[in-house]
Colleague: 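Encoded as structure tokens, here's the structure I'll be asking about.
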Amino acid sequence: MLKLVVLISGTGSNLRSLLESIDASRGTDRPIEAEVVAIGADTPAANLELAAERGIPSFVVRPADYPDRAAWGDALLERVLEFEPDATILSGFMRLVPPRFVEALAPRLLNTHPAYLPEFPGAHAVRDALAAGADRTGATVMVVDNGVDTGPIIEQRRIPILPGDDEAALHERIKVVERELLTDTVRGLAEGTVNLKEIAE
Ligand code: GAR
């Protein structure tokens, strides 16, 4: 069983979808042999109800409680490592993780991003795509490195921008694809068809 720790900052709708996909696959002839063993957040405002509902352990490590980013990252790493994950997923985790965190966990440290990287990196990818007047954007799942959304790409898919799209509508359409990519990636990790070491080489 692939053990996952997932970190979120907000609503966690992609995580909810992953949990539901794993559940739905049980009892089929191709179950996803993965389990979310802990859910972490950088803010108590994140939707940790998701964890409570399912009896999954959760934790919050707030940057404001530490003298600097490195100390926060070390504390976050310690909490993650308690659960001995096979992979850690940043799923709408809206903070850059410090180098020691990346070095300890990569390449088994994944992120999802609402754009077709390397296009539109950063925290406002959907807004930036609209502001650029692009006619398409995308969704990406990648390995985290020390840059801002620069890590090796695992899977990505194009999504058209439709006339009349606003940020919320476009982001919702992107998330539908992100959820598929995330579930596929977790399945691939569990089945051994996604090899993060090779992807990160
Ligand atoms: C997702 O679209 C994810 O890709 C994005 O935040 C959203 C989280 O949604 N992450 C980033 O933009 C990271 N740069 P959710 O909380 O509803 O799952």
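Ligands are counted one by one from 1 in listed order, and the atoms in each one are counted from 1 as well.
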Colleague: Listing request: all salt bridge (charged side-chain N to carboxylate O under 4.0 Å, His left out) pairs with a residue in residues 61-73, at least two apart in sequence or in separate chains.
Modeller: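 Passing the test, one end in residues 61-73: R62-D65.
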Colleague: Can you list the residues that meet the side chain to side chain contact (heavy atoms under 4.5 Å, CB included) rule with P57, with sequence neighbours excluded?
Modeller: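 Partners of P57 by the side chain to side chain contact (heavy atoms under 4.5 Å, CB included) criterion, ordered by chain and then number, come out as F83.
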Colleague: So, do I199 and V194 sit near enough that their side-chain heavy atoms are less than 4.5 Å apart?
Modeller: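 Yes - at least one pair of side-chain heavy atoms lies under 4.5 Å apart.
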Colleague: Write out the protein residues near ligand 1, meaning a non-hydrogen atom under 4.0 Å from one of its atoms, in order of chain and number.
Modeller: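 Shell around ligand 1 (4.0 Å, heavy atoms): T11, G12, S13, N14, G92, M94, T112, H113, P114, G122, H171, K175, E178.
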Colleague: Once side chain to side chain contact (heavy atoms under 4.5 Å, CB included) is applied, do any residues pair with D74, and if so which ones, sequence neighbours excluded?
Modeller: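 Partners of D74 under the side chain to side chain contact (heavy atoms under 4.5 Å, CB included) test: R100.
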Colleague: When you check the gap from the basic side-chain N to the acidic O, do K3 and E33 get nearer than 4.0 Å?
Modeller: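 No salt bridge links K3 with E33.
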Colleague: So does E49 have more than 12 non-hydrogen atoms from other groups sitting under 6.0 Å from CD?
Modeller: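 It does not: E49 CD has 12 such atoms or fewer within range.
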